[in-house]
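Notes follow once the structure below has been shown.
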Amino acid sequence: MTPTKNSAELLEVEGREVRISNPGKIVFPESGLTKLDLVHYYLAVADGALRGVANRPMVLKRFVKGIEEEAFFQKRAPEKRPEWIETATLHYASGNSAEEVVVNDAAALAWVVNLGCLDLNPHPVRADDLDHPDELRIDLDPMPGVDWAQIVDVAMIARDVLDDVGLAGWPKTSGSRGMHILVRIEPRWDYRQVRLAAETFAREVERRAPGLATARWWKEERGESVFVDFNQNAKDRTVASAYSVRPLADARVSTPLDWDEVPQARPEQFTVPTVLERFARLGDPHAGIDDDAGQLDALLALAEELGPAEKPPRSGDGSSRRQSTMPLIEIARAKTKPEALEGLERWKGRHPEVVRSLAPADVLVDGMRGSSSLWYRVRVNLQHVSEAERPEQEPLEVDYDPWATRRA
DNA sequence: GCATCTC
DNA sequence: GAGATGCAACGCCCC
DNA sequence: GGGGCG
Ligand SMILES: [Mn+2]
Ligand SMILES: [Mn+2]
């Protein structure tokens with residue numbers, strides 16, 4: 001008799017057999033959570049987790065060596081898969097397509113967790129209508145330095161705006177630093193229209209909460225505010241779904257809330273162990289999310305009323321680069337964050353008088369996705385520096401060329 | 001994590 | 001049989 | 001076609 005492979009666990013889930021390889025493998029070194037712990041978590045909250053992903057194609061984000069190692073994305077469903085795994089084929093403007101996994105039951109949930117999936121990232125459409133989202137997603141992204149209280153303030157204002165345009169919002173922590181508000185809509189509008197509705201919504205939140213929230217695309221225009229990331233509603237963009245475990249040391253969960261919990265909630269309260277207990281006690285606050293579907297007419301009418309968003313100024317010279325609305329200079333590009341920040345410190349040393357007038361949000365440090373690896377860029381917004389004192393763009397403090405090897 | 005390719 | 005490799009390539013807006 | 005954004 002051939003024994004089943006060394007150290008695998010065969011689970012029976014709703015009459016289907018799911019093999020969990022390396023069940024004792026540690027996924028979260030700090031909290032000690034194993035693969036099998038995560039399978040048990042997802043099965044315990046399956047009613048809620050499936051409400052977030054059922055009938056939706058999803059991108060697989062696989063942490064096959066735990067959260068400390070880099071994950072990879074996989075759009076196409078593995079060719080070898082149980083016959084009960086459902087899929088949907090997405091088509092792109094390029095002519096390419098991808099047959100993505102659709103998780104519709106607890107067994108499929110266990111199967112994707114075994115593949116190394118942690119957070120689940122479904123599209124805002126259902127498999128039976130891939131061109132018309134049934135979910136508008138309000139993605140509240142705090143810029144650096146923004147505290148939780150400000151996110152809550154923006155969320156409550158967002159709720160007022162939703163109310164005014166006749167829509168119901170379902171709030172959850174993102175599991176990272178921000179919040180998501182899900183809005184169930186009738187699948188009557190295409191991606192372009194849903195995104196326009198989301199952008200209009202974002203502009204209205206900014207109008208009602210100036211300084212707290214922003215709908216500005218360019219980072220240097222945002223300041224210390226909550227970015228209402230309307231672009232998350234574009235085609236081929238996904239969001240971590242309800243009850244997703246995020247790849248942070250404390251195993252935080254994107255946790256559905258009731259609106260009356262929002263003011264008191266803190267993201268770090270909701271982790272795999274605490275959400276297990278909470279779900280057993282309260283069930284899913286989003287249980288009613290599919291009972292009603294809203295209309296985008298009011299938001300699209302407002303879009304018409306407001307007209308196009310303010311366009312950035314034409315670049316005066318002949319260069320084909322966007323001209324920033326802000327006096328922005330680039331300081332450094334480097335392979336690592338410390339290297340980039342050293343460059344920033346040297347620059348500060350040379351311009352002490354300028355540093356005194358900089359606001360925290362005037363220093364922009366971004367991780368950039370290069371051809372293969374990550375690199376870092378530092379920019380400074382000189383808006384608070386008097387024109388006479390503004391240093392010119394200088395040669396970069398550190399100059400890393402992320403394409404150096406491949407361009408040759 | 002796993003199928004697949006190469007030695 | 002052991003070891004290496006691939007697993008995404010988008011979409012949007014503006015020069 | 002590329003930069004910036006996610
Ligand atoms: Mn977000
Ligand atoms: Mn976002």
Side-chain angles (χ1 to χ4, degrees), chain A residues 5 7-8 18-23 25 27 35 38-39 57-66 69-82 90-101 110-118 121 123-124 133 137 139-141 143 174 176 178 180 190-196 198-199 202 214-222 227-240 308-326 328 330 333 364 366-372 377 379 402-403 407:
Chain A
K5 184 108 177 278
S7 100
V18 184
R19 177 174 171 272
I20 306 300
S21 59
N22 306 307
K25 185 169 194 169
V27 181
K35 263 183 90 181
L38 290 166
V39 172
M58 64 157 113
V59 173
L60 306 179
K61 185 179 176 192
R62 301 180 57 186
F63 292 83
V64 298
K65 292 173 172 176
E69 298 291 327
E70 208 172 339
F72 61 89
F73 291 90
Q74 184 168 349
K75 290 190 175 181
R76 292 173 183 82
E79 289 199 26
K80 286 279 189 60
R81 56 177 185 260
L90 275 51
H91 295 268
Y92 306 109
S94 62
N96 293 344
S97 62
E99 186 184 10
E100 294 191 349
V101 169
W111 182 75
V112 298
V113 174
N114 180 56
L115 288 178
C117 295
L118 209 48
N121 293 271
H123 290 273
R137 296 168 169 176
D139 178 22
L140 303 180
D141 286 345
M143 299 305 289
S174 76
S176 181
H180 298 149
D190 62 20
Y191 276 102
R192 215 189 94 256
Q193 293 172 298
V194 175
R195 181 179 176 282
L196 175 62
E199 179 179 15
T214 179
R216 301 303 183 88
W217 185 244
W218 305 108
K219 286 189 180 180
E220 68 271 20
E221 299 177 14
R222 290 181 194 165
F227 176 48
V228 186
D229 182 7
F230 57 87
N231 203 234
Q232 204 65 16
N233 292 278
K235 189 181 170 183
D236 206 39
R237 317 236 25 207
T238 59
V239 165
E310 200 185 323
K311 296 277 199 306
R314 302 275 321 258
S315 64
D317 52 33
S319 84
S320 67
R321 302 276 262 99
R322 172 187 69 104
Q323 164 93 33
S324 171
T325 43
M326 293 290 174
L328 195 63
E330 185 166 353
R333 297 179 176 205
L364 281 56
D366 301 296
M368 307 289 289
R369 174 78 47 205
S371 50
S372 56
R377 177 184 68 184
R379 295 173 299 172
W403 291 277
R407 213 178 34 195

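Just so it is clear, the values below take in all heavy atoms, side chains as well, and ignore hydrogens, waters and symmetry mates. Not measured: the values here are computed from a predicted model. In what follows, chains carry the letters A, B, and so on, assigned in the order in which the sequence lines appear, proteins first and then strands, with residues in each chain numbered from 1.
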Checklist entry - What's the spacing between A/Thr238 OG1 and A/Lys75 NZ if we round to 0.5 Å? => result 9.0 Å
Checklist entry - Base, sugar-phosphate, or nothing: which does A/Lys65 touch, judged by heavy atoms less than 4.0 Å apart? => result nothing
Item to check | Qualifying residue for side chain to side chain contact (heavy atoms under 4.5 Å, CB included) with A/Thr214, from A/Lys219, A/Glu221, A/Arg222 | outcome: A/Arg222
Checklist entry - If the C1' atom of C/dA8 is compared with that of D/dG6, how far apart are they to the nearest Å? => result 14 Å
Checklist entry - So does A/Arg377 get a side-chain nitrogen or oxygen closer than 4.0 Å to the phosphate oxygens (OP1/OP2) of D/dC5? => result yes
Checklist entry - Side chain of A/Phe72: nearest nucleotide among C/dC7, C/dC10, D/dC5? => result C/dC7
Item to check | Proximal nucleotide (of C/dC10, C/dC12, D/dG6) relative to the A/Arg195 side chain | outcome: C/dC12
Checklist entry - Does a distance-only test, which skips hydrogens and angles, find a donor-acceptor pair under 3.5 Å between the side chain of A/Arg322 and the base of D/dG3? => result no
Next on the checklist: Run A/Arg322 and A/Trp218 through side chain to side chain contact (heavy atoms under 4.5 Å, CB included) and show every step you take.
Outcome noted: CA-CA 11 Å; A/Arg322 172 187 69 104; A/Trp218 305 108; 3.2 Å; yes
Checklist entry - Of all the nucleotides listed (C/dA9, D/dG6, C/dC12), which has the minimum atom distance to the side chain of A/Ala234? => result C/dC12
Item to check | Flag if over 12 foreign heavy atoms under 6.0 Å of CZ, A/Arg81 | outcome: yes
Checklist outcome for this item: Side-chain atoms of A/Arg379 come closest, of B/dC2, C/dC10, D/dC5, to D/dC5
Checklist entry - Considering only side-chain heavy atoms of A/Ser21, which listed nucleotide, C/dA8, B/dG1, C/dC12, is closest? => result B/dG1
Checklist outcome for this item: Picking from D/dG6, D/dG3, B/dG1, the nucleotide nearest the side-chain atoms of A/Phe227 would be D/dG6
Next on the checklist: Please determine whether a side-chain nitrogen or oxygen atom of A/Asn22 lies at a distance below 4.0 Å from atom OP1 or OP2 of B/dG1.
Outcome noted: yes
Checklist entry - Hey, does the side chain of A/Arg222 come within less than 4.0 Å of D/dC5's phosphate (OP1/OP2), counting only N and O? => result no
Next on the checklist: For the P atoms, the ones on C/dG6 and on D/dC5, what distance do you get once it is rounded to whole angstrom?
Outcome noted: 30 Å
Checklist entry - Reckon A/Asn114 has a side-chain N or O less than 4.0 Å from the OP1 or OP2 of B/dG1? => result no
Checklist entry - Under 4.0 Å between a side-chain N/O of A/Arg76 and OP1 or OP2 of B/dA3, yes or no? => result no
Checklist entry - Would you say A/Lys61 reaches C/dC7's phosphate, i.e. side-chain N/O to OP1/OP2 under 4.0 Å? => result no
Checklist entry - Any side-chain heavy atom of A/Phe63 sitting closer than 4.5 Å to one from A/Glu69? => result no
Item to check | Candidate nucleotides C/dC12, B/dC2, D/dC5, ranked by approach to the side chain of A/Lys235 - the nearest | outcome: C/dC12
Checklist entry - Does a donor on one side chain sit under 3.5 Å from an acceptor on the other, for A/Glu100 and A/His123? => result yes
Next on the checklist: Among C/dG11, D/dG4, B/dG1, which nucleotide has an atom closest to any side-chain atom of A/Lys35?
Outcome noted: B/dG1
Next on the checklist: At 4.0 Å (heavy atoms only), tell me whether A/Gln232 reaches a base, stays on the sugar-phosphate, or touches nothing.
Outcome noted: sugar-phosphate
Checklist entry - On DNA chain B, nearest-nucleotide positions of A/Lys80 versus A/Leu115: which is more 5'? => result A/Leu115
Checklist entry - Does OP1 or OP2 of B/dC2 have a side-chain N or O of A/Arg19 closer than 4.0 Å? => result yes
Checklist outcome for this item: With the side chain defined as heavy atoms from C-beta on, A/Lys25 is closest, among B/dG1, D/dG4, D/dG6, to B/dG1
Checklist entry - A/Gln74 CD to C/dG6 P: how many Å, rounded? => result 14 Å
Next on the checklist: Under 4.0 Å, counting only non-hydrogen atoms across every strand here, what does A/Asp229 touch: a base, just sugar-phosphate, or nothing?
Outcome noted: sugar-phosphate
Item to check | Closest to side chain of A/Ala93, choosing from C/dG11, B/dC2, D/dC5 | outcome: C/dG11
Checklist entry - C/dC10 and B/dA3: how far apart are their P atoms, nearest whole angstrom? => result 27 Å
Next on the checklist: Just N and O in the side chain of A/Ser94: are any of them under 4.0 Å from OP1 or OP2 of C/dC10?
Outcome noted: yes
